[in-house]
A.B. asks: 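First, the structure itself, so that you have it in front of you.
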Amino acid sequence: MEVIGKKQNRRVYMPELPEVETIRTALESYIVGKNIERVTVGLPRLVKNVSVLTFQQKTQGCTILGIRRRGKYLTLLLSGSVHVMIHLRMTGRLLYMDRLPAMTDHIHIYFRLNKGFLVYHDVRTFGGFWLVPITGMTGIDGYDSLGPDGNSPKFTATYLYWLVQKRKSTIKAVLLDQKVVAGLGNIYVDEALFLAKIRPDEKANVLSLHACKVLHEAINQVLTQGISHGGTTIRDYVNGIGKEGSHQHFLQVYGKEGSPCPRCGHTIQYIKLGGRGTHFCPLCQRRKGR
DNA sequence: AAAGCACCCTGGATGC
DNA sequence: TGCATCCAGGGTGCTT
């Protein structure tokens, strides 16, 4: 009888770059051009850098001109003097709805538009909203210090090589650092390292230029595939209009502990690395960057 | 300067 | 069956 890893059913979802991009795309056609008539905040601590009153006063009456993504952040571009920046963290959802649902559990903020509602739903309430200036630095450290997006031309193999050389921590920890590359989270890091045949607990500074080229290509590939599949739906991630993604069906190692490696058949292993659940194949993900 | 870790939070899974 | 405990993780901030 096959041994199934204990963590097999312990799944959560995290919006990473592909999920946030999918939400952005889904929302765009529904909210751009709409007017914000009224903003309701049920949980004030989710508004991070201004008072709830200021948040409402600066956004009410504005038109939504666009919605932009950078790393895992979304920004509503408004017609007024500020933009609204949003991070979904672990369990945040941003949804367009024709009308408010009868069950409003976990709905902490919503924007009443001239038609429909933009609703923020968050079970663990780690997410946040910021008012930011239209141009220049936002003053939000986590945003202003973001590295290049993992799927942007600015993120190159040589940049990655230059960076890992001075890092003594594990390659997984480096890839999760948003200052290095923006948008990767636990799922896509495990998947990219599997594709590149690099162990997650490998020290970053031993990777060769060749290994960095392979890894860079793998990161691009998992992000591109994740976006094309509409994101990964694990338990309850949905995009901006409530649709599930399909990338969970394409995951090679994440959540697959105890199952055979799709490449070599060895059992996928689960370890803790830097406090994060980590999945890899101990046989075909080798140490040392070839 | 960088690395490591506690913390925030909730609901589902597990343990007794 | 029920109650208590554990666990997941992104990013911040503190300590080493």
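Every chain is numbered from 1 and lettered A, B, ... according to where its sequence line falls, protein lines coming before strand lines. Values below: every heavy atom of this structure, side chains too, minus hydrogens, waters and symmetry copies.
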A.B. asks: Answer with yes or no whether the side chains of A:Asp201 and A:Thr170 bring together a donor and an acceptor at under 3.5 Å.
C.D. replies: no

A.B. asks: Where do A:Trp130 and A:Val50 land on the side chain to side chain contact (heavy atoms under 4.5 Å, CB included) test, with the steps shown first?
C.D. replies: CA-CA 7 Å; A:Trp130 295 261; A:Val50 292; over 6 Å; no

A.B. asks: Scan nucleotides 13-16 of chain C against the protein and return all N/O pairs shorter than 3.5 Å with their distances rounded to 0.1 Å.
C.D. replies:
none

A.B. asks: With a cut-off of less than 4.0 Å, is there a side-chain N or O of A:His87 near OP1 or OP2 of C:dG10?
C.D. replies: no

A.B. asks: So which heavy atom on A:Leu176 is nearest to which on A:Leu184, and how close?
C.D. replies: CD2-O, 4.2 Å

A.B. asks: Return the set of residues passing side chain to side chain contact (heavy atoms under 4.5 Å, CB included) with A:Gln57 (not counting sequence neighbours), or none when no residue passes.
C.D. replies: A:Leu53

A.B. asks: Over how many whole Å does the gap from A:Met85 atom CE to C:dG10 atom P extend?
C.D. replies: 18 Å

A.B. asks: Tell me the interatomic distance from A:Tyr143, atom OH, to C:dG11, atom P, rounded to whole angstroms.
C.D. replies: 13 Å

A.B. asks: Nearest-Å distance, CG (A:Asp105) to C1' (B:dG12)?
C.D. replies: 16 Å

A.B. asks: I'd like to compare against my own output: the B/S/- annotation of nucleotides 1-8 of chain B with a strict under-4.0 Å heavy-atom distance to protein.
C.D. replies: --SS---B

A.B. asks: In whole angstrom, give the distance that lies between atom CG of A:Leu184 and atom C1' of C:dG10.
C.D. replies: 13 Å

A.B. asks: Ignoring backbone atoms, test whether A:His106 places a side-chain nitrogen or oxygen under 4.0 Å from the OP1 or OP2 oxygen of B:dC9.
C.D. replies: no

A.B. asks: So, OP1 or OP2 of C:dA8: does either fall under 4.0 Å of a side-chain N or O from A:Tyr254?
C.D. replies: no

A.B. asks: Round to a whole Å and report the spacing from NE2 of A:His121 to C1' of B:dG11.
C.D. replies: 12 Å

A.B. asks: Atom CZ of A:Arg93 and atom P of B:dG11: how far apart are they, to the nearest Å?
C.D. replies: 13 Å

A.B. asks: Under 4.0 Å between a side-chain N/O of A:Gln178 and OP1 or OP2 of C:dG10, yes or no?
C.D. replies: no

A.B. asks: Nearest whole angstrom, please: distance from the P of C:dT12 to the CG of A:Leu46.
C.D. replies: 15 Å

A.B. asks: We want to know whether A:Lys172 and A:Asn186 form a side-chain donor-acceptor pair, criterion being a heavy-atom distance below 3.5 angstrom.
C.D. replies: yes

A.B. asks: For a quick check under 3.5 Å, do A:Asp122 and A:His108 share a side-chain donor-acceptor pair by atom type?
C.D. replies: no

A.B. asks: Checking side-chain polar atoms at under 3.5 Å, does A:Ser169 have a donor or acceptor matched by the opposite partner on A:Lys203?
C.D. replies: no

A.B. asks: Distance check needed: B:dT10 P versus A:Arg89 CZ, whole Å only.
C.D. replies: 15 Å

A.B. asks: Verify the ring-centre separation between A:Tyr120 and A:Phe129: is it less than 6.0 angstrom?
C.D. replies: yes

A.B. asks: One thing to verify: whether A:Glu217 and A:Lys213 come together as a salt bridge, which I'm taking to mean a side-chain N less than 4.0 angstrom from a carboxylate O.
C.D. replies: no

A.B. asks: Does A:Tyr161 have any ring-ring contact (aromatic ring centres under 6.0 Å, His included) partners at least two apart in sequence or in another chain, and if so, which?
C.D. replies: none

A.B. asks: Contacts to DNA chain C from residues 68-77 of chain A, heavy-atom cutoff under 4.0 Å, which residues?
C.D. replies: A:Lys72, A:Tyr73

A.B. asks: Name all pairs fulfilling the side chain to side chain donor-acceptor pair (under 3.5 Å) condition that reach into residues 36-56 of chain A, sequence neighbours left out, sorted by first residue then second.
C.D. replies: A:Glu37-A:Arg112, A:Arg45-A:Thr125, A:Ser51-A:Thr54

A.B. asks: Look at A:Lys272 and C:dA8 and indicate whether a side-chain polar atom (N or O) is within less than 4.0 Å of OP1 or OP2.
C.D. replies: yes

A.B. asks: Whether the A:Gln178 and A:Tyr143 side chains hold a donor-acceptor pair (N or O, under 3.5 Å, no angle test) is what I'd like checked.
C.D. replies: no

A.B. asks: Counting only side-chain N and O atoms of A:Tyr188, is one of them less than 4.0 Å from OP1 or OP2 of C:dG9?
C.D. replies: no

